[in-house]
2 protein chains.
Amino acid sequence: MTERKRVTILDVSRATGLALSTVSNALAGKNHVSEETRATVLEAATRLGYRASTVARALRMQRSFTIGVLVADVANPSSPDFVRGVEDVAIREKCTLLLSNTDGDEERQLLHMRTLLDRQVDGMVLISQHVSSPAVRALLDASTPFVLIQRRNPLFPDDYVGSDNVIGVSEAINHLHALKHRRIGFVRGPSDSSTAGERLETFLAEAKRLRLKVDDELVFKGDYGFETGVAAGRHFLRLRRPPTAIMGSSDINALGVMEAALESGLSIPGQLSVVGLDDIALASFRAINLTTIHLQKRAMGAAAADLLIERIRQPDRTPQELIFPTRLVVRGSTAAPALPEAPRLRA
Amino acid sequence: MTERKRVTILDVSRATGLALSTVSNALAGKNHVSEETRATVLEAATRLGYRASTVARALRMQRSFTIGVLVADVANPSSPDFVRGVEDVAIREKCTLLLSNTDGDEERQLLHMRTLLDRQVDGMVLISQHVSSPAVRALLDASTPFVLIQRRNPLFPDDYVGSDNVIGVSEAINHLHALKHRRIGFVRGPSDSSTAGERLETFLAEAKRLRLKVDDELVFKGDYGFETGVAAGRHFLRLRRPPTAIMGSSDINALGVMEAALESGLSIPGQLSVVGLDDIALASFRAINLTTIHLQKRAMGAAAADLLIERIRQPDRTPQELIFPTRLVVRGSTAAPALPEAPRLRA
DNA sequence: TGCCATACCAGAAACGTTTTTGGAAAATCG
DNA sequence: CGATTTTCCAAAAACGTTTCTGGTATGGCA
């Protein structure tokens, strides 16, 4: 409404009768500016309501104090946790977050990456994004610092924050094995996700060690979404010899499996055990009560942001990888199977 | 790594031998630039990998192509839905989103608002934020366009997008009444939320119409969070005459109530009916199966963003308010009470 | 009293755009 | 063929900072 013009540093300069540069120095707390001068400047600045233009500063300093964050799906409750971690250090570093959804789609990811680069973000955090294709690599090599979370390509020595998939998954399978489950279904995450791959490998290796047979039909390929969980659940339950337990690639995945089980009239954990992965807040609610593998999402987000800050400060630092431990949280969605061998059930 | 310098419009100018302004015009598709010249420019631009600096443009045009979004809590699954709606139109308008969490805390909100203003966002969308305090109003009056979602102060004629709280809430209470519930607990959202206030008023009015007695102990005050739901549930269930049904101020709220009920060993809906508000994706999962009031969150977000764009284009347009209808979605968390009068239960 | 170092301040350049203004060449019209 | 319009292009200003370079008092010291 009130057609106010922006009050600039020049106004402060004029108001105080001091030079532009002096005002700038005084405000930045730099160099040798007498306390008296500084006080004068500060007083005038607040009196006039002066606020420095971040965009002018960004142009001059070639630094935008902005961090870009790419996330596959904010709707998945685990995403905000990671973002929160990034936000924690962003605030500490006086940076702002530019957050974008890619829906796991590479085109969208490329689009958003270009936008971030155009905006001259100081760096970016890529959470479960595509990291291998030539197009993506080209953008990553654009000399803007970046850190990867939960998905990488070992061929490229990037800064990376991930979770220890071996511990969590093997704990989970051993838990199920101890409960006397002998047929376990596994939902595999996105095919180009390093994390999803590691988890499957661990699962297969551990199954072998435990002398569990894992035929192909016991591995369902999809993504981290609910629909994949539902589809996987339906698939598994329709098998001639359905598994007595199913491990999801995410909690949301596991909820999808539950959905399929419930729609078939199966009770959990009575007739089917389900284990998730993420440990979203929901998982601990009694209405859900999901046995799952806990990930330190917020800490991982913060660690990634810290790594990013380091790299921004020191672009030639050798890349680091940080692997966070995981642990199984046993809740109510797992129990001993009803029979040594699961009964045949049809949807 | 590769210490590349940014390729600027000047480089394109030099490469083509054309003037800066000509290149700019050609790229912007402006004025009268011959097709041939334009082709030359475009070719050179892509060949050199030129990308315009958004920050330089922002400084010059006094327009950042950025929209700030303030949200109370991204972790609440209803937030991303609103944001998604805003994002939809932001992409259409070639704007980027600057998203911040305020945790419902006014100080944090002020901090983030100032940051957004410093960054010269073209406008902002405030979802369930504080809108009345002098400090907030001062910032809102800073002549940067804004739109409110779900919380406003009728004293100020702001652009506003809300939901029809009358329909939804009265549908819900009538549903419960029809099921023969006579004592209904109500969880009230944040005390300074207009939406929460309207809902309570509707609840009380409709209860009166139905000749239901609503003593003070049947209204619990809190926020939209899970903990409030748990506290409310415990409070209600500890009453001498506990309600047979409880309405939450959000789905997460309702989940909290469920939590409290389950921890007391009550079954839902057998011994307690629960209704939520939001209709988050989770609510429809069989494991939850929550009767709730549906809100068109994404559409509301998009509508707010549209309003914002309009106001940016036309700052003096008279403020509009858009109210979206709501409707009750009956699922499995509501049923007839076990007894005409609820049995006495102690936690 | 004169010189030098120090402490502070002023002016100007630079960041990469868009936009305005002006000007030259080409085309049209009288 | 000259004048006027049209079409395009060149130069320069502006956006609001930070920072570099240089300069002027002021104080201390000889």
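A note on names: the letters A, B, ... follow the listed sequences, proteins ahead of strands, and every chain is numbered from 1. Just so we're clear, the structure is a prediction, and the values are computed from it rather than from any experiment.
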Geometric cation-pi criterion A:R63 and A:F65, 6.0 Å radius, 45° cone: yes
Does the structure place the NZ or CZ of A:R298 under 6.0 Å from the centre of the six-membered ring of A:F82, at an angle of no more than 45° from the ring's axis? no
Quick one: is C:dT17 close enough that its OP1 or OP2 comes under 4.0 Å of any side-chain N or O from B:S24? no
Kindly compute the distance separating CG (A:L97) from CG (B:N101), expressed to the nearest 0.5 Å. 9.5 Å
Side-chain touch B:L70/B:M113, heavy atoms, less than 4.5 angstrom: yes
How many Å lie between [atom1] on [X] and [atom2] on [N], as a whole number?
| X | N | atom1 | atom2 | result |
| --- | --- | --- | --- | --- |
| A:R14 | C:dC9 | CZ | P | 19 Å |
| A:L27 | D:dG16 | CG | C1' | 13 Å |
| B:L10 | C:dA14 | CG | P | 12 Å |

Check whether the side chains of [X] and [Y] place a donor and an acceptor atom closer than 3.5 Å, and report yes or no.
| X | Y | result |
| --- | --- | --- |
| A:R152 | A:T195 | no |
| B:R137 | B:S132 | no |
| B:S193 | B:Y224 | yes |
| B:Q120 | A:T54 | no |
| A:R119 | B:T66 | yes |

Scan residues 42-67 of chain B against DNA chain C and write down, sorted by residue number, each residue with any heavy atom closer than 4.0 Å; if none is found, say none. B:Y50, B:R51, B:A52, B:S53, B:A56, B:R57, B:R60, B:M61
Taking all heavy atoms of B:S194 and all of B:R151, pick out the closest pair and write down the distance. OG-CA, 3.4 Å
Please give the angle, rounded to 10 degrees, between the axes at the start and the end of the helix from C:dT1-D:dA30 to C:dG30-D:dC1, where five pairs define each axis. 60°
Restricting to nitrogen or oxygen on both sides, can you table the protein-nucleotides 6-11 of chain D pairs closer than 3.5 Å?
residue : atom : partner : partner atom : Å
D:dC9   : OP1  : B:T37   : OG1          : 2.6
D:dA10  : OP2  : B:A19   : N            : 2.5
D:dA10  : N7   : B:S21   : OG           : 3.0
D:dA11  : N6   : B:S21   : OG           : 3.2

